[in-house]
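Below is one structure, written out as structure tokens; comments come after it.
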Amino acid sequence: PAVSATTATISGTTTAKADSKKISEAKWGKANIAAGWTCIPNILIRRQKTLGLDSIDLNILLHLLTYWWEDENHPHPSKDTLAKAIGISPSTVQRRIRQMHAGGLLKRVERRREGNRSETNLYDLTPLRAILEPHAELELAERKAGYAGRRERMTKVTKVPTSTSV
């Protein structure tokens with residue numbers, strides 16, 4: 001069921017937010033929600049092939065998304081952390097991220113510490129958001145066209161042909 005938007009508040013939070021949490025807890029369990037969750041646009045998964053992503057690329061992106069909590073606070077897990085979580089080598093993570101960077105899906109931002117020492121890279125996923133947008137708009141248009149066609153079929157009066165016996 002959809003969560004209704006409401007202006008009523010409970011201790012400074014909207015009831016829609018509280019309802020959403022209850023729905024998520026009912027679906028996944030309180031402990032799983034308390035341990036953390038990630039908002040992932042369905043279009044990323046549904047258009048994986050169209051976007052040219054294989055299962056490793058998608059898995060890397062999904063892991064990066066778990067670290068992206070706020071728009072301007074870009075994720076910065078180490079390649080080692082990603083590799084261990086996915087079960088692949090750090091060099092595979094590095095190569096795939098380099099390819100996704102070259103393909104415009106993300107921006108890799110190098111960070112340096114004092115003494116020119118390396119820090120984990122920042123991964124800006126806003127290009128991915130921009131790339132997904134037209135796919136989402138197409139999906140919505142296809143959905144709307146499907147609904148319109150279905151509505152027309154359901155409301156169109158058609159007489160059932162009768163057979164005449166001789």
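As a basis for the values below, the full set of heavy atoms in this structure was taken, side chains included, without hydrogen atoms, waters or symmetry mates. Along the sequence shown, residues carry numbers from 1.
- Note that the CG atom of L140 and the CD1 atom of I43 stand 7.5 Å from one another [nearest 0.5 Å].
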* Check step by step if side chain to side chain donor-acceptor pair (under 3.5 Å) holds for R112 and S118. => CA-CA 5 Å; R112 295 283 176 188; S118 290; 2.7 Å; yes

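- Remark: S91 engages S89 in a side-chain hydrogen bond (donor to acceptor under 3.5 Å, both in side chains) (not counting sequence neighbours).
- Taken to the nearest 0.5 Å, the NZ atom of K30 stands 9.0 Å off from the NZ atom of K22.
- Under the 4.5 Å side-chain contact rule for hydrophobic residues, I60 and W68 share a cluster.
- Rounding to the nearest 0.5 angstrom, the gap separating the OG1 atom in T81 from the CD1 atom in I86 is 10.5 Å.
- Distance check, rounded to the nearest 0.5 Å: NE2 of H135 to CD of E137 gives 10.5 Å.
- In terms of heavy-atom proximity, P90 sits nearest to A83 at N-CB, 3.5 Å.
- Between P127 and G104 the shortest heavy-atom distance is CB-O, 3.2 Å.
- Neither W69 nor W37 shares a network with the other; the hydrophobic side chains, linked directly or stepwise wherever heavy atoms of I, L, V, M, F, W or Y lie under 4.5 Å apart, form separate groups for each.
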* Full working for side-chain contact (heavy atoms from CB on, under 4.5 Å) between L61 and L125 -> CA-CA 9 Å; L61 286 172; L125 299 170; 4.1 Å; yes

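- Checking E72, R129, H101, K107 one by one against D124, the side chain to side chain contact (heavy atoms under 4.5 Å, CB included) holds for a single residue, K107.
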* Check the pair L53, M100 against side-chain contact (heavy atoms from CB on, under 4.5 Å), reporting the backbone distance first and the verdict last. => CA-CA 9 Å; L53 301 170; M100 287 188 276; 4.3 Å; yes

* After noting the C-alpha distance and the side-chain angles of R47 and E142, does the key distance pass the salt bridge (charged side-chain N to carboxylate O under 4.0 Å, His left out) rule? -> CA-CA 14 Å; R47 300 287 169 107; E142 289 170 352; 3.2 Å; yes

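- Cluster membership check: I97 does not share its hydrophobic cluster with V109, using side-chain heavy-atom separations under 4.5 Å among Ile, Leu, Val, Met, Phe, Trp and Tyr.
- Linking Ile, Leu, Val, Met, Phe, Trp and Tyr residues whenever their side-chain heavy atoms come within less than 4.5 Å places I40 and Y123 in a single cluster.
- The backbone N or O of S55 lies less than 3.5 Å from no partner atom in the side chain of N59, so there is not a single donor-acceptor pair.
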* **Test log, rule side-chain contact (heavy atoms from CB on, under 4.5 Å), inputs L128 and L106** => CA-CA 6 Å; L128 176 63; L106 55 81; 5.8 Å; no

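- Note on R96 versus D54: salt bridge recorded, some NZ/NE/NH1/NH2 to OD/OE distance being below 4.0 Å.
- With sequence neighbours excluded, no residue forms a salt bridge (Lys or Arg N to Asp or Glu O under 4.0 Å) with R95.
- In this structure, CG on L64 lies 11.5 Å from NE2 on H76, to the nearest 0.5 angstrom.
- The closest donor-acceptor contact from the side chain of S24 to the backbone of S20 lies under 3.5 Å.
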* Asked: Can you list the steps and then say if Q48 with D57 is a side-chain contact (heavy atoms from CB on, under 4.5 Å)?
  -> CA-CA 9 Å; Q48 173 187 346; D57 298 329; over 6 Å; no

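- Counting only N and O atoms by type, the side chains of T120 and R111 include a donor and acceptor under 3.5 Å apart.
- To the nearest 0.5 Å, atoms CG (L138) and CZ (R143) are separated by 11.0 Å.
- Hydrophobic clustering, with ILVMFWY side chains joined whenever heavy atoms are under 4.5 angstrom apart, groups L65 together with L51.
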